[in-house]
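Quick caveat: nothing in here was measured; it's all calculated off a predicted structure. What's counted below: heavy atoms across the whole structure, side chains too, no hydrogens, waters or symmetry copies. In each ligand, atom 1 is the first atom listed, and ligand 1 is the first ligand listed.
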Amino acid sequence: MKPHWDIFCVVVDNYGDIGVTWRLARQLQAEHDVQVRLWVDDLQPFARLCPDTDPHADQQFHHGVQVRRWPAEWEATEVADVVIGAFACKLPPPYIDAMAARARPCLWLNLEYLSAEDWVVGCHALPSLQSNRLQKFFFFPGFVPGTGGLLRESGLLAQRDALQGDREAQREFLARLGVERQPEAHLVSLFAYENAAVAEWLDAMATGLGATQLLVPEGRVLDDVRRWLGAEWLEAGDLHVRGQLTINVLPFISQDQYDRLLWCCDFNAVRGEDSFIRAQWAARPMLWHIYPQEEDAHIVKLDAWLHLYTRALSPQAADALRGLMHAWSRGEGMGLAWPVLCLHRVELRLQAEQWCANLAVQPDLAAALVQFYRNWI
Ligand code: TRH
């Protein structure tokens with residue numbers, strides 16, 4: 001019989017929690033011989049990532065995954081062989097009791113947030129004994145050997161290569177999103193939180209030496225773009241031109257379409273955790289809007305990743321990239337940082353490809369989880 005896996009997700013805010021767990025659930029179901037149930041407390045954001053979702057259904061199947069509403073009042077259910085609590089979410093107490101009472105022990109894992117900090121290797125896969133004598137293991141995704149790796153579906157990079165090598169397929173894909181690609185323009189995607197530095201960045205692109213086409217899916221950053229344009233309203237399908245800059249507003253698209261958008265672009269501004277990883281699989285230069293945390297804890301995380309990512313760059317290109325990422329996170333300084341970065345476009349493109357190729361040598365997160373379970377039984 002196939003092992004059963006339960007994944008629990010609390011949507012704190014945004015799309016990252018559900019984005020990561022849905023991707024993991026899909027991949028486990030598709031590539032490993034397991035049956036996955038995904039428990040989600042709020043199906044509305046899930047419906048944005050997976051558009052044929054019924055946000056009101058208690059139970060539904062998508063890509064073979066059983067998606068269950070996590071009810072406020074928990075109802076007794078069979079415990080799975082592997083139980084994953086995503087991002088330190090608290091499992092329903094009756095479910096934990098049932099885990100403790102289960103005749104055959106189940107593996108309990110906490111899937112942690114992604115960080116490139118050094119301490120992650122030392123903490124990855126450590127067990128902690130719970131009050132009911134159950135053991136919980138902390139599973140850390142990461143960029144280096146000794147961590148749990150990153151989510152990467154099999155065949156992902158081959159699909160990316162096929163699209164990146166086919167201008168006509170790119171043209172068709174973008175046309176379906178309402179975008180006519182300008183032949184000479186630098187194609188940039190923008191997914192970010194609200195950011196005071198948007199205006200400076202758009203100014204820099206509008207007055208730059210070459211043409212830029214900016215694709216902005218509907219979301220939190222759109223209001224900053226609207227303000228810069230002086231427009232009353234912005235919505236999917238809108239197109240605005242200011243100097244060298246053309247701006248297309250896109251609808252919020254499915255996860256798979258979003259991947260393709262990243263693959264088509266020359267440069268991607270991403271945020272959070274999941275889009276940040278997907279931009280790395282796109283093998284294109286990128287800008288990361290890291291999720292802001294209290295006391296600037298996010299800057300430590302940003303620097304830890306930059307330390308790894310810039311290692312193979314020339315000092316000038318590394319400085320330019322660091323300067324850009326810090327300006328974006330600070331909310332000022334993009335006016336200078338962007339043209340400086342553009343001087344290193346070629347080197348950054350080669351580095352993005354090399355970085356992606358190096359990451360792809362490591363086992364992916366889903367495979368690492370399955371292997372961990374096999375070693376555990
Ligand atoms: O939405 P986010 O800001 O999520 C964040 C982070 O996960 C952060 O670590 C967490 O603490 C916080 O939420 C609560 O960014 P992220 O992680 O990139 O998730 C966005 C998801 O949305 C990702 O799966 C890609 C997807 N997406 C689409 O499917 N279509 C789109 O059009 C766009 C722009 C994104």
Nearest protein heavy atom to [atom], by residue and atom, and its distance?
atom	value
atom 34 (C) of ligand 1	F191 CD1, 3.4 Å
atom 26 (C) of ligand 1	L49 CD2, 3.6 Å
atom 4 (O) of ligand 1	G16 N, 2.9 Å
atom 3 (O) of ligand 1	Y193 OH, 2.5 Å
atom 18 (O) of ligand 1	S275 OG, 2.6 Å
atom 10 (C) of ligand 1	Y113 CE2, 4.1 Å

Check your understanding: Given L215, L262, I253, which has its nearest heavy atom closest to atom 30 (N) of ligand 1?
Key ->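 Nearest heavy atom to atom 30 (N) of ligand 1 lies in I253.
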
Practice item. Evaluate side-chain contact (heavy atoms from CB on, under 4.5 Å) for H63 paired with W22, printing each intermediate quantity in order. Key: CA-CA 10 Å; H63 298 257; W22 168 232; 3.7 Å; yes

Check your understanding: Are R152 and Q27 linked by a side-chain donor-acceptor pair shorter than 3.5 Å?
Key ->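 On atom types as modelled, these side chains do not qualify, holding no pair under 3.5 Å.
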
Check your understanding: Any nitrogen or oxygen of D17, main chain or side chain, under 3.5 Å from a nitrogen or oxygen of ligand 1?
Key ->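 For ligand 1, there is no N or O atom that lies under 3.5 Å from one belonging to D17.
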
Check your understanding: Can the ring centroids of F252 and Y258 be said to lie less than 6.0 angstrom from one another?
Key ->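 For F252 and Y258, the ring centres are not under 6.0 Å apart.
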
Check your understanding: Are the aromatic ring centres of Y113 and Y291 under 6.0 angstrom apart?
Key -> no

Review point. When rounded to the nearest 0.5 angstrom, what distance separates CG in L107 from CZ in F137?
Key: 6.5 Å

**Study point:** Interfacing atoms of ligand 1 (cut-off 4.0 Å, heavy-atom, D13)
**Key:**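 Every atom of ligand 1 under 4.0 Å from some heavy atom of D13: 12 (C), 13 (O), 14 (C).
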
Exercise for review: Anything under 30° is parallel, anything over 60° is perpendicular, the rest tilted; go ahead and classify W305 against Y309.
Suggested key: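 Parallel.
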
**Study point:** F252 and ligand 1 - part of the residue with a heavy-atom distance under 4.0 Å
**Key:** both

